[in-house]
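Written out below as structure tokens is the structure these notes cover.
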Amino acid sequence: MTNVWSADSGMEVEDVWDDTDLIRMYEQSIQEVHQQVSGVKEKKYTGEDGKTYLWKVGGNCMAPFEENGKTSYYAATIDSIGGKDDHEVQVTFLYYGNQTTAHMKDLWLNEEAIAEAVASEKKQKVGKKVKNESGTAPIPKMAPPIPPNILAMAPADKQEALSSMLMSWYMSGYHTGYYQAMSDLEKEQGEGSDD
């Protein structure tokens with residue numbers, strides 16, 4: 001009998017699925033809980049330039065994104081305010097959809113760049129809506145793996161049964177997150193049709 005999940009099973013690296021989206025969804029849920037706990041919806045901050053900014057949850061800003069040691073600024077929406085002295089913000093970059101945490105001192109406003117990013121994001125959503133109205137169901141970015149032959153995986157001993165149980169809990173969480181992502185996608189598409 002083979003233990004599918006052991007290192008001795010002969011699985012190749014390509015056989016292991018990428019759970020990046022699952023991790024992203026987990027981090028997003030943690031951020032949402034953080035936002036609900038902190039309760040801060042807006043915060044005034046005086047920048048190094050002497051100007052006082054009012055940063056609000058749901059408001060837009062230019063936020064830093066670091067990649068390969070280089071920092072660039074992109075238009076983003078503020079998701080939550082928290083951290084030490086409520087000076088940290090969680091942002092989602094417009095059009096790209098990825099998230100980061102930044103300090104308020106690193107945020108700034110560029111109305112023209114933000115307006116351009118908002119317009120591009122709306123255009124992208126309209127394009128997705130048109131594609132989905134073709135009558136075909138949207139293909140998810142990450143589909144769950146095909147279930148293995150269950151009878152061939154019956155646990156041989158107590159340790160293997162424990163391993164199988166823990167893996168089933170993990171997979172249950174994975175599929176719960178996958179279902180939630182699909183529900184959220186349908187909800188977004190429904191809200192996008194109101195625009």
Side-chain angles (χ1 to χ4, degrees), residues 16-125 128 140-142 144 169-192 195:
V16 180
W17 64 88
D18 180 16
D19 59 357
T20 304
D21 287 340
L22 178 64
I23 293 168
R24 181 186 49 76
M25 287 185 282
Y26 172 78
E27 289 172 349
Q28 184 178 359
S29 66
I30 294 297
Q31 294 162 7
E32 289 172 5
V33 169
H34 171 71
Q35 180 180 350
Q36 292 171 358
V37 171
S38 71
V40 176
K41 300 292 182 195
E42 61 182 47
K43 178 79 173 179
K44 286 185 179 181
Y45 184 80
T46 303
E48 294 173 358
D49 58 0
K51 290 184 182 178
T52 299
Y53 297 93
L54 179 61
W55 300 116
K56 296 180 180 182
V57 172
N60 294 326
C61 65
M62 296 299 287
F65 180 77
E66 187 174 327
E67 185 174 40
N68 298 330
K70 289 181 69 177
T71 301
S72 301
Y73 282 80
Y74 297 97
T77 300
I78 298 173
D79 299 325
S80 65
I81 299 172
K84 186 176 180 183
D85 299 325
D86 293 322
H87 287 158
E88 289 183 2
V89 294
Q90 180 70 36
V91 298
T92 300
F93 292 99
L94 295 172
Y95 191 76
Y96 299 103
N98 50 342
Q99 298 176 320
T100 192
T101 302
H103 193 278
M104 286 185 182
K105 70 178 179 173
D106 297 324
L107 304 181
W108 55 283
L109 290 173
N110 180 337
E111 297 297 333
E112 186 177 320
I114 292 171
E116 186 178 314
V118 169
S120 293
E121 187 171 45
K122 282 185 180 179
K123 190 175 184 180
Q124 180 187 26
K125 284 183 181 179
K128 284 182 181 177
K141 292 180 182 174
M142 187 172 101
W169 285 352
Y170 173 84
M171 293 303 295
S172 176
Y174 166 79
H175 288 288
T176 301
Y178 184 79
Y179 176 79
Q180 183 64 46
M182 294 301 295
S183 297
D184 291 347
L185 179 64
E186 287 178 4
K187 185 177 178 183
E188 279 183 19
Q189 290 172 349
E191 293 174 355
D195 291 341

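Quick caveat, the model's predicted, so the values are computed rather than measured. Residues: numbered from 1 along the sequence shown.
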Taking all non-hydrogen atoms of both residues into account, name the closest pair between [X] and [Y] and its distance.
X    : Y   : value
C61  : V91 : SG-CG1, 4.2 Å
A181 : M25 : CB-SD, 3.4 Å
F93  : P64 : CZ-O, 3.5 Å

For the [atom1] atom of [X] and the [atom2] atom of [Y], what is their distance to the nearest 0.5 Å?
X    : Y    : atom1 : atom2 : answer
H87  : K43  : NE2   : NZ    : 4.0 Å
E88  : D86  : CD    : CG    : 9.5 Å
M171 : H175 : CE    : NE2   : 3.5 Å
K187 : M182 : NZ    : CE    : 15.5 Å
Q90  : I81  : CD    : CD1   : 11.5 Å

- Query: So do V89 and M104 actually touch side chain to side chain, heavy atoms under 4.5 Å?
  - Reply: yes
Can you sort out the partners of [X] under side chain to side chain contact (heavy atoms under 4.5 Å, CB included), two or more places apart, ordered by chain and number?
X    : value
S183 : Y179
A119 : none
A117 : A75, L94
T92  : D79, Q99

- Query: Do any pairs count as a side-chain hydrogen bond (donor to acceptor under 3.5 Å, both in side chains) and have a residue in residues 63-78, sequence neighbours left out, and if so which ones?
  - Reply: N60-T77
- Under the side-chain hydrogen bond (donor to acceptor under 3.5 Å, both in side chains) test, residues paired with Q180 that sit two or more places apart: D184
- Query: side-chain hydrogen bond (donor to acceptor under 3.5 Å, both in side chains) with Y45: which residues, sequence neighbours excluded?
  - Reply: none
Could you give the side-chain donor-acceptor pairs of residues 107-115 under 3.5 Å, partners two or more places apart or in another chain?
unit_1: N110; atom_1: OD1; unit_2: E112; atom_2: N; d: 3.3
unit_1: N110; atom_1: OD1; unit_2: A113; atom_2: N; d: 3.2

